[in-house]
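Reminder, nothing fancy here: chain letters follow the sequence lines and each chain counts from 1.
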Protein chains: 2
Amino acid sequence: MSSISRGRRSPVMADVAKVAGVSHQTVSRVLNDHPNVRAETRTRVLAAIDQLGYRRNLVARALVTRHSRTLGVVSFDTTLYGPASTVYGIEQAAREAGYFVSIVSLRTIDRAGVHDALDYLAEQGVDGIVVVAPQRSAARALADLPADVPMVAVEGDHAGDVSVVSVDQVEGARLATEHLIGLGHETVWHVSGPSDWLEAEGRIAGWRGVLAAHGRAVPEILPGDWSPRSGYQAGQRLAQMEEVTAVFVANDQMALGVLRAFAEAGVEVPGRVSVVGFDDVPESEFFSPPLTTVRQDFGAVGRNSIGILLRQIEAGQDRSRERLVVPPLFKVRASTAPVRR
Amino acid sequence: MSSISRGRRSPVMADVAKVAGVSHQTVSRVLNDHPNVRAETRTRVLAAIDQLGYRRNLVARALVTRHSRTLGVVSFDTTLYGPASTVYGIEQAAREAGYFVSIVSLRTIDRAGVHDALDYLAEQGVDGIVVVAPQRSAARALADLPADVPMVAVEGDHAGDVSVVSVDQVEGARLATEHLIGLGHETVWHVSGPSDWLEAEGRIAGWRGVLAAHGRAVPEILPGDWSPRSGYQAGQRLAQMEEVTAVFVANDQMALGVLRAFAEAGVEVPGRVSVVGFDDVPESEFFSPPLTTVRQDFGAVGRNSIGILLRQIEAGQDRSRERLVVPPLFKVRASTAPVRR
DNA sequence: GTGAGGGATGTTAACGCTCACAGTCTCCTC
DNA sequence: GAGGAGACTGTGAGCGTTAACATCCCTCAC
């Protein structure tokens, strides 16, 4: 039906060849920059291509070369700043390397979902896959997968046998907590991310580690879910606790909620309580007060994951075990101050 | 090389056929749910597929069917909340309909960039394309493109001959401005988006329209670029102007910057100045004060654009001219109040 | 019992490209 | 001027699938 409605079907290599008076193979050579084509012939072919409006069919090409020049990306909720930035970095790096990017965005991450997504991409013939797997369940799902396609995980579990690129969450949390301890705070409270998330775990570990190293009490964790609302609720609780003078919040969005709850309760920041976030979203510089936070270079994560993946593809290895940890950067702004005695 | 390192190549239909003792065509029929296959045969084929770990090759399939079941998406800076949410909605809707999504994220939008991206996707053999074209330049680039692949624009120019899905920007701005006028403000100031953006233009038009309808003075526009920083700078200027009592800011991020500047200058919101934003990002409810804003249903935009695109694909029409406008929703929070006399 | 009808299956030919190989032509060397 | 080395171009096969058609076999009506 569609072939009826369209007047003529789009031209193929043979059509170009006929117009240029050469064989289809010569057209192929021109298209692929093969050196052994006479300049005059090349010109004639290019003219024919232009005249017919010919566009090569990458599907046919992929069938014979067995390379689709497409990379698959599996991610979770690309509406969030972190995943969105990472995927953006991935896409840019891939395109610069001449690859297409096919994206699957999961609403919920579970073993079955990740498995299906990976199968889906494998059927499509992607040359490699990047999985943004920030949750423990997702990271585990990678372990028992068919190993016949190159793959790299972002923010995944370093214990598996898959290459992983991630930001050093523990170090980031350490920087945040050390900063607060250094300002003279007796201890530091923590509003965490959801328990299944590796990033949340890493941040807890870094925070706990510093407190332990200084022999400080480790307060009860206030659990959040990354959303501003959950931060707000945690903030309401913290606002009522006289002993709280410093809070390390696991991401900037929740930190915003905490700041809001503090403002409503009349708790001054950083006057009475210091607050540190995580991510350095573009907004955090303009929170009230501007947020001291830990910057993650998502662009670097994306670029590096593509780098590793392409190396695997070119080496013809299906699975290797490269590790790359991107260091975080601490940004001091106005939400932290020395403890008031 | 890669074929050497991998032990055996992955099985194809013929391999499955041999194991199941049928022809490859019967395997194809089983895979495509053709009715005329004996139940017992189907079982045998499925067993063979399972045993060999066979996965069908969608590339070969696309070559013969001339349908890749892949949709292309061209977008601009998917790090921003709006584009990210739209692309997310598109991706979800596409996958539900059984389509893959191949994404091209442009760093800068210009005619050449859009053109290249579209060509790139066309070569890849996508069945249709969604262009998130919020800028005038991008929208114009769509006009002179080869019309041999179904296409729909999101937030594009309604004047072209391409289908468009968008949120009613003018109406959203009208709601915001009417709200402020209704609170007794003599006039409303405006911090705009970058001039090339259609959304920025629509919001200006809506704002200006309401002021004109009420016979109010139209103040000079303070230009922004969507970033919190540009909002902050505009806010610094506004804070020094005694006559300002109401500001309509073209997006929530800039509104955050305005709020910050006001807070620093000691300008009370909504006590002395009322502020309205646009987008309703998840954070805006927790700004200080919580922001009155205009919600855009990006998910609906994404879903609808896929709906229109699939209808075009199935109808075999390359270009049609459907229009769809998604209504905005006004959210009153705490950043606006009656004017103080 | 026979032929029609249709369900179940097989056979063959594309789809549009690249790869491997086989040519042809030109130019240079001895 | 014969031989060989490149440079350039053409021919044929095949990638893994689906579409079209052919074939076989069973059932049922007369």
### Summary
Contact string for nucleotides 15-21 of chain C, one letter per nucleotide 5' to 3', B = base within protein heavy-atom range under 4.0 Å, S = sugar-phosphate only, - = neither, reads BBBBBB-
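When all heavy atoms of A/Val16 and A/Val45 are compared, the closest pair comes out as CG1-O, 4.1 Å. B/Val165 and B/Ser305 get closest at one heavy-atom pair: CG2-CA, 3.8 Å. Across A/Thr70 and A/Tyr99, no two heavy atoms sit closer than the pair N-CD2, 3.8 Å.
Rounded to an integer number of Å, the gap from A/Glu123 CD to D/dT17 P is 10 Å. Put simply, NE2 on B/His67 is 14 Å from C1' on D/dT17, counting in whole angstrom units. Between the NE2 atom of A/His34 and the C1' atom of D/dG10 there is a distance of 13 Å, given to the nearest Å. Rounded to whole Å, atom C1' of D/dC8 lies 6 Å from atom CG of A/Asn36.
For the atom pair CD of B/Glu91 and OG of A/Ser102, the computed distance is 8.5 Å after rounding to the nearest 0.5 Å. Note that CD1 of B/Ile308 is 9.0 Å distant from CZ of B/Arg323, once rounded to the nearest 0.5 Å.
Exactly one residue among A/Val301, A/Thr86, A/Val325 makes a side-chain contact (heavy atoms from CB on, under 4.5 Å) with A/Val167. That residue is A/Val301.
Using a 4.0 Å heavy-atom criterion, one finds that B/Val59 contacts no nucleic acid atom at all.
One finds no side-chain N or O of A/Thr26 lying less than 4.0 angstrom from the OP1 or OP2 phosphate oxygen of D/dC8. Residue B/Thr41 places at least one side-chain N or O closer than 4.0 Å to OP1 or OP2 of C/dT9.
Using a 3.5 Å distance cut-off with no hydrogens or angles, the side chains of A/Ser163 and A/Gln312 do pair a donor with an acceptor. A donor and an acceptor atom, one from each side chain of B/Asn32 and B/Arg56, are located under 3.5 Å apart.
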Set out, line by line, the N/O atom pairs under 3.5 Å between protein and nucleotides 22-26 of chain C.
none

